[in-house]
Amino acid sequence: MAEKPLAADGLSPQQLLDLYRKMVIIRRADQEALNLQRQGELGLWGQFLGQEATQVGATVAMESTDWIVPSYREFGMAMCRGIDPGEMLGYFRGLTHGPWDPRRYRFLPFTISVATQVPHAVGFAMGCRLEGSREVVLCVFGDGATSEGDWHEAMNFAGVFQAPVVFLCQNNQWAISVPLRRQTAGSIAERAQGYGFAGVRIDGNDVLAVFSAVRSAADRARRGEGPSLIEAVTYRMGAHTSADDPTRYRLDSDLAPWSSRDPIETYAAWLRSQALLDEGQADSIDAEAEGMAEAMRGKLRRLPLPSPAASLFDRVYHDPPASFLKEREEFEATLEPVE
Amino acid sequence: MPVLNIREALNQALREEMIRDEKVFLLGEDIGLYDGSFKVTRGLYKEFGERRVLDTPIAEEIIVGTAIGAAMAGLRPVAEMMTVNFILVAIDQVVNAAAHIHYMFGGGVKVPLVIRAPGGGGHQLGAQHSHSHENWFAHVPGLKVVAPGTPADAKGMLKAAIRDDNPVMFIENEGTYGVKGDVPEGEHLVPLDRNEIKREGDDLTICAYSRMLVVAMDAARDLEADGISAEVVDMRALRPLDMGPALESVRKTGRVITVEEGWRSFGVGAEIASRIYEEAFDDLDAPVARLGSAEVPTPYNKRLEKITFPGKADVVVTARALLGRN
């Protein structure tokens, strides 16, 4: 990355620096959340270490009025949308089901079932278009999701109906313990051709490449030119989740080539070579990330405990039917201490 | 009051709601130019165009998934499954997504979605096209499940379902599309959580819904001629299950038959019977009798198929046995 890439055109020095800042901050949040999980403060944590460039580049490339439909590993994207990380951790601690307002941040709920969200993204985009808006949907999933039937059906549908969606595959090359070669025999990006739209394979560790690809795809969708598929090749440097131990199926030597392609370090080196980042700025960003981590930890610990019956029964239905309220009353009665 | 069949009543409901609310749109297989496999969407493509009546690829999972996405975006999609049998490939979207998204995100998004799915057998379509799966969906919190058996209810419940802010499984029955009855014009809404006594009687209670409601009403007429007064309770609201009218009836008659078209095991009748035992055990003069399909895949042979499902004669014989009249 010695030469200034084409993708940087159109981004101001401040914007270029901000990409770095965002990557540093979300990595610090990821690390802090993993620590909190290890300390017993969170139920589960899914690291995104190594995927910061894809998450930051893609989020920044979308308009603020566009929608993002995530899987479960897009915590960094949610932070880039301005959602409070401490509040979000309440979700992983099991304190709340709704840590942010999806309409305010235009960021839909995390989806746990693999690929389930891909059809939703298509429907959401078609819905936006039906309402006459120019909004585009960024749909994010991993390489494992591309094996699911939902994924195929969604691609086909999006092609047929020219849905304004940018499909972003964070190909981190692992689906828990199954490597990409056991997931997919061919190319993910090239499949787009069979669905009648453009597919491109990019370096997911290059934040500018991600920004550029996602921005062009979003522009095409906005112009009514239909969906695109972007396969951002990156690497899951950590475990699948905190419940996983990758040393059982992965060698240290597998990681080595990717350690040397760290998205933050390579981008920092390029910024320095362009005189866009100096030590003072780097230190100040590190300090900001440290402050964020502390605030996140503090916020998490201050989140209130929910009341059992309310958190169990509220929101099962939008407008609870009478018989359902009766069930709730009966349940609440069982919670009272026996005399 | 105009007389319509259920097909026409459903069509009227869709049309009225599409006129009333621009956010309502339809999607499904062959529902547009072809007017739907059972012609429920007849004329709607012509009237509203392809923007609001979407002919989709053959892919039930994405039909439901797309509808969920559009519902989250603020629209009111009505998805048609060509038959309820085909929704099995989409059950992940129905159960894991539609039913749970509102809860799992603390109410941050809602899913105002209707899935219309005709089920039932009797048309010599074989085991894979003759299922009744309403109990599968009635098992799941977060869903509403209704199965009307009269034209007026079909219209009123479909209109209410479209306006409801929850995902609603709207179970139709291929064998009832031609059933005729009075249907109020215009604004006619039937609540999704209210069951109803459709015929009054004193000697026993028959709980039925959808096509079996028609069978139960026929049986009740035959029983009347036989000097037996049967009360018929329409169990059209399956989830949430409104037991009010059934319990009220049981307290009067002391004897109950449940009739469903699907298999009895883990079925709707089993649920109704349990609730009756829990709430009205002392009012019972006999155990609850359950009628349902023979516990076999539906046969293709026409005569075998006919004897697989409960019919009027089965209800009559069971009623007489319950009353010691055989």
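Chain letters run A, B, ... following the sequence lines, proteins first and then strands; every chain starts at 1.
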Peer 1: So which residue, A121(A), S133(A), S113(A), S323(A), ends up with the most heavy-atom pairs under 4.5 Å with chain B?
Peer 2: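 Ranked by heavy-atom pairs under 4.5 Å with chain B, first place is S323(A).
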Peer 1: Select one option (side chain, backbone, both, neither) describing which atoms of Q93(B) are under 4.5 Å from chain A's heavy atoms.
Peer 2: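 Only the side chain of Q93(B) comes within 4.5 Å of chain A.
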Peer 1: At a heavy-atom distance under 4.5 Å, which candidate from A125(A), P320(A), P109(A) has the highest pair count against chain B?
Peer 2: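 Most heavy-atom pairs under 4.5 Å with chain B: P109(A).
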Peer 1: Would D66(A) and R222(A) satisfy salt bridge (Lys or Arg N to Asp or Glu O under 4.0 Å), going step by step from the backbone distance to the final call?
Peer 2: CA-CA 10 Å; D66(A) 290 335; R222(A) 214 180 306 286; 2.7 Å; yes
Peer 1: So which of V89(B), L143(B), D193(B) has the biggest tally of heavy-atom pairs under 4.5 Å with chain A?
Peer 2: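 Result: the option with the highest number of such pairs is L143(B).
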Peer 1: Which of residues 79-88 of chain A have a heavy atom under 4.5 Å from any heavy atom of chain B?
Peer 2: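 If one takes a 4.5 Å heavy-atom cut-off, no residue of residues 79-88 of chain A lies near chain B.
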Peer 1: Name, in order of residue number, those residues of residues 242-249 of chain B that have a heavy atom at a distance of less than 4.5 Å from a heavy atom in chain A; otherwise write 'none'.
Peer 2: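 Contacts with chain A: none.
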Peer 1: Between W100(A) and chain B, which part of the residue has a heavy atom less than 4.5 Å away: side chain, backbone, both or neither?
Peer 2: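 The answer is both parts of W100(A).
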Peer 1: Could you look at L312(A) and say if it's the side chain, the backbone, both or neither that has a heavy atom under 4.5 Å from chain B?
Peer 2: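 For L312(A), the contact with chain B is made by backbone and side chain together.
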Peer 1: Let's test your reading of the structure: which of R51(B), E22(B), K23(B) forms the most heavy-atom pairs below 4.5 Å with chain A?
Peer 2: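 The candidate making the most pairs under 4.5 Å is R51(B).
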Peer 1: For the residue pair Y91(A) and H97(A), is the inter-centroid distance of their aromatic rings smaller than 6.0 Å?
Peer 2: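 They do not qualify: ring centres at least 6.0 Å apart.
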Peer 1: Would you check, one step at a time, whether the test salt bridge (Lys or Arg N to Asp or Glu O under 4.0 Å) holds for K198(B) with E196(B)?
Peer 2: CA-CA 6 Å; K198(B) 282 288 200 289; E196(B) 187 175 80; 2.9 Å; yes
Peer 1: Considering only heavy atoms, which portion of L241(B) lies under 4.5 Å from any heavy atom of chain A: side chain, backbone, both, or neither?
Peer 2: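 Contact with chain A is through the backbone of L241(B) alone.
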Peer 1: Residues of residues 154-164 of chain A under 4.5 Å from chain B (heavy atom pairs)?
Peer 2: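 The stretch touches chain B at A154(A), N156(A), F157(A), V160(A), F161(A).
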Peer 1: Between chain B and each of V69(A), V122(A), D319(A), count heavy-atom pairs under 4.5 Å; write down the option with the most.
Peer 2: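 Most heavy-atom pairs within the cutoff with chain B belong to D319(A).
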Peer 1: Between the main-chain N or O of H318(A) and the side-chain N or O of N166(B), is there a donor-acceptor pair closer than 3.5 Å?
Peer 2: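 Yes, because the side chain of N166(B) sits within donor-acceptor range (under 3.5 Å) of the backbone of H318(A).
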Peer 1: Please classify the contact of R104(A) with chain B as side chain, backbone, both or neither, using a heavy-atom distance under 4.5 Å.
Peer 2: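 Contact with chain B involves no heavy atom of R104(A) at all.
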Peer 1: Heavy-atom cut-off 4.5 Å, strictly under: side chain, backbone, both or neither for T116(A) against chain B?
Peer 2: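 Answer is both: backbone and side chain atoms of T116(A) are under 4.5 Å from chain B.
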Peer 1: For the aromatic rings, using the six-membered ring if either is Trp, is the centroid distance between W45(A) and F75(A) under 6.0 Å?
Peer 2: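 So the answer is yes for these two rings.
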Peer 1: Just give me the residue among D150(A), D314(A), D101(A) that pairs up with chain B most often, heavy atom to heavy atom, under 4.5 Å.
Peer 2: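 Option with the top pair count is D150(A).
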Peer 1: With chain B, which of R129(A), Q117(A), R315(A) has the greatest number of heavy-atom pairs at distances under 4.5 Å?
Peer 2: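 Ranked by contacts with chain B, first place is R315(A).
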Peer 1: So which of V118(A), I112(A), L130(A) has the largest heavy-atom pair count under 4.5 angstrom toward chain B?
Peer 2: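 Ranked by contacts with chain B, first place is L130(A).
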Peer 1: Please check if any side-chain donor atom of R106(A) sits under 3.5 Å from a side-chain acceptor atom of S64(A), or the reverse.
Peer 2: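 No, no side-chain donor-acceptor contact under 3.5 Å.
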Peer 1: Are F266(B) and H139(B) an aromatic pair by the rule of ring centers under 6.0 Å?
Peer 2: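 No, they do not, as the ring centres are separated by 6.0 Å or more.
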Peer 1: Can you name the residues of residues 106-117 of chain B that have some heavy atom under 4.5 Å away from a heavy atom in chain A?
Peer 2: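 From residues 106-117 of chain B, the residues near chain A are G106(B), G107(B), G108(B), V109(B), K110(B).
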Peer 1: Determine whether the aromatic ring centres of residues Y317(A) and H102(B) are separated by less than 6.0 angstrom.
Peer 2: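 So the answer is no for these two rings.
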